[in-house]
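I have placed the structure first, in the form of structure tokens, so that the comments after it can refer back to it.
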Amino acid sequence: MKLLIVEDNLKLLEAITETLSSVHLLCETATNYPAAEEKVFLYHYDILVVDINLPGGTGLDLIRAVKKQTATTGIIVISARNSLDNKLEGFDLGADDYLTKPFDMAELTARIKSLIRRRNFNGNDTITKGNVSIETTGREVRIGGRKIELTKSEYDILLFFFSNPGRVLTRESIAEHIWGDHMDLADSFDFIYSHIKNLRKKITAAGGDDLLKAVYGIGYKLIVE
Amino acid sequence: MKLIKHTYAHSAVWLIPAMVIGGLFCFFMIEWITYEETDEYLTYEMERLLNYHEQFDDLPDFHKVADIIPDLKFEKPFFKDTLLLEPGDNEMIPHRELWFSINHSGQDFTIVLRHLLIGQDDIIRGTLLIIAGIMLLIALFVLLMINTIAGKIWKPFYQTLYKLVNFKITDPLPDFPATRIDEFKSLNSTLEYLLKKITGDYKHNKEFNENIAHELQTHLAIIRANTEKLINQTDNTEKPHHELKRIYTSVTGLSQVQRSLLLLSKIRNREYHQHEDVDLQPIVEQALEIFAEAISLRGISVHRELAPCHLFMDAGLAGIMADNLVKNAVKHNIRDGFIKITLSPSALLIENKGLEFRGKPEALLDRFSTGKDSNAGSTGIGLSIVSQICELYNFRLSYTIKESIHCTAVFFGERKDNTISEY
């Protein structure tokens with residue numbers, strides 16, 4: 001799995017690369033349009049993470065170039081511009097996902113993993129942790145082969161944890177993952193608390209491993225053995 | 001009312017005094033000429049009689065003598081007006097008389113010459129006919145004149161107006177037509193200056209927004225990423241963990257506020273102008289869908305009465321407006337409260353149960369103004385975004401609180417149609 005990260009801010013680029021490398025993704029980087037264009041022309045990448053604002057060109061042009069080269073490359077746009085036009089144009093050109101800065105690394109990781117699954121690069125759509133497994137195409141959760149019923153939000157939260165094993169997911173991050181821009185609902189943290197409580201109850205009741213651990217005052221984390 | 005119609009109306013008003021003065025002038029002129037001519041004729045007749053009398057000591061066979069009064073002598077001949085009954089149509093007719101004296105065989109005689117005058121009613125009739133004819137002619141020519149003037153002289157003005165009305169802030173500056181008229185020249189150059197300033201301001205504002213977005217968001221992203229990393233590296237029993245948590249929460253809050261402020265700035269800068277026919281009904285339903293989970297978790301009951309409501313606005317802004325209104329109603333609700341949403345073609349009303357609020361409800365529309373009792377996580381910016389959108393589209397927004405029931409209403413009203421055709 002090879003990724004090309006194109007971002008003109010070195011510090012952010014470093015943070016992204018570090019995070020993605022820690023989950024065993026091979027990252028190459030470019031900080032401006034010409035460099036990115038050259039790399040795209042010379043090598044094959046499975047996923048392109050691209051910023052819209054680039055020195056020497058726009059990320060949208062880069063998407064066009066990549067799509068011409070290899071149409072199967074998955075594309076995630078990260079942009080500071082929260083404008084709808086760009087978002088739509090990006091999707092029109094064949095971008096798969098769109099993230100607005102500032103975003104959590106956990107969110108970026110989850111989006112990349114989801115893209116990998118959707119593209120079915122690994123030929124495998126089941127993620128298993130302990131005795132709990134998620135089959136992403138059917139949105140089903142099984143414990144030791146037995147299916148359990150989860151609500152949409154519970155499923156989304158569980159998948160978010162499965163995409164970021166061993167990482168602390170803050171309550172803010174989880175809220176933003178489920179509700180997006182509307183995460184600032186007064187008691188969204190209470191909702192997350194009750195969602196996770198229900199999720200744990202459902203999993204343990206079905207004999208599943210209790211994988212979610214509270215990190216006091218901050219959030220939760222999926223324990224990896 | 002169009003400029004040309006105004007000109008017609010004003011010209012017509014000015015024709016009235018012209019008609020009155022012209023009529024009087026015409027009347028007196030005709031009357032004066034009548035007297036002048038009659039007097040001249042009577043004087044000639046008098047001279048003829050005097051000459052004849054001197055030559056033949058008799059009066060000619062044919063003369064205009066109306067009366068001869070013996071033993072009466074006037075030093076000087078004089079004119080006199082008199083009215084005589086015309087037996088034919090039984091009407092008093094004005095006559096002009098010339099009285100003069102002659103001496104015949106030692107006896108004085110006063111001779112009265114008389115001639116018919118044109119009656120005043122005849123003069124009035126004549127005057128009216130003349131004035132009517134002339135006025136008709138003048139009106140016709142004024143009409144033609146104004147038309148030509150409007151068409152030719154005012155043409156640059158209409159062209160400028162047409163370009164101005166159809167101008168959009170994102171368009172390149174319009175080229176105003178060249179004109180030799182000083183006033184239009186200065187109008188065009190002033191407009192050019194203003195438009196240049198406005199589009200410049202718009203562009204700068206837009207660039208500023210984009211730069212702020214890019215720079216701030218990128219650095220916020222770096223802070224967030226690194227704080228996240230530190231949180232993962234630190235054991236949660238260590239002290240720095242709490243500080244990290246505070247940094248992380250603040251950065252998240254800052255990102256949200258900054259995003260909302262940017263949105264507000266963009267709306268204010270009128271950067272959303274993909275106006276189209278938008279039906280608010282599915283948009284409101286979608287907004288309710290977004291918050292459905294929060295609504296059910298808090299045990300809030302929703303009563304909805306939604307009718308199709310077509311508005312001419314930016315679809316994105318319509319969504320933002322609906323989301324923020326519904327969100328506000330959910331956010332400031334209480335456990336087991338209710339939300340009542342009524343959408344009609346002319347208004348969107350949202351009532352919700354909430355906490356009692358003392359103070360001016362309108363103040364809540366201001367930026368960062370939150371109720372004292374509001375919960376954490378509220379930036380107080382949602383309603384000011386709605387307020388800004390309403391201002392942009394001339395919608396009326398009202399926020400009232402009666403005891404513990406909050407009511408937000410948006411009245412769409414009539415949209416002004418500001419189209420203009422080129423002259």
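Computed from a prediction, not measured in an experiment: that's the story for all the values here. Just so it is clear: chains get the letters A, B, ... in the order the sequence lines come, proteins before strands, and each one is counted from 1.
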Name of the residue among A/E107, A/E176, A/E172 meeting salt bridge (charged side-chain N to carboxylate O under 4.0 Å, His left out) with B/R224: A/E176

Of the listed residues (B/V251, B/I223, B/D323), which shares the most heavy-atom pairs with chain A below a 4.5 Å separation? B/D323

Among B/L220, B/L297, B/N226, residue most engaged with chain A (heavy-atom pairs, under 4.5 Å): B/L297

Any side-chain heavy-atom pair of A/F162 and A/L222 under 4.5 Å: yes

Of the backbone (N, CA, C, O) and the side chain (C-beta and beyond), which part of A/E14 lies under 4.5 Å from a heavy atom of chain B, both, or neither? neither

Options A/E18, A/K221, A/R167, ranked by heavy-atom pairs under 4.5 Å with chain B, top entry: A/R167

Taking side chain as everything from C-beta outward and backbone as N, CA, C, O, which of these in B/T218 sits under 4.5 Å from a heavy atom of chain A? Side chain, backbone, both or neither. both

Residue part contacting chain B, namely of A/S173, when any heavy atom lies under 4.5 Å: both

Walk me through it: do B/K168 and B/D171 pass the test salt bridge (charged side-chain N to carboxylate O under 4.0 Å, His left out)? CA-CA 5 Å; B/K168 285 194 187 72; B/D171 291 348; 5.3 Å; no

If you count heavy-atom pairs under 4.5 Å with chain B, which of A/V168, A/I16, A/T19, A/D8 comes out on top? A/V168

Can you name the one residue among A/K197, A/R200, A/K202 that meets salt bridge (charged side-chain N to carboxylate O under 4.0 Å, His left out) with A/D210? A/R200

Which bit of B/T249 is near chain A, if near means a heavy-atom gap under 4.5 Å: side chain, backbone, both or neither? both

Looking at B/F338, I'd like to know if the NZ or CZ of B/K353 sits under 6.0 Å from its six-membered ring centre while staying within 45 degrees of the ring's axis. no

Does a side-chain heavy-atom distance below 4.5 Å link A/Y45 with A/I75? no

A/Y220 vs A/F161 aromatic rings, parallel, tilted or perpendicular, using cut-offs 30° and 60°? perpendicular

What residue, out of A/G166, A/A106, A/P102, A/S153, has the most heavy-atom pairs lying under 4.5 Å from chain B? A/P102

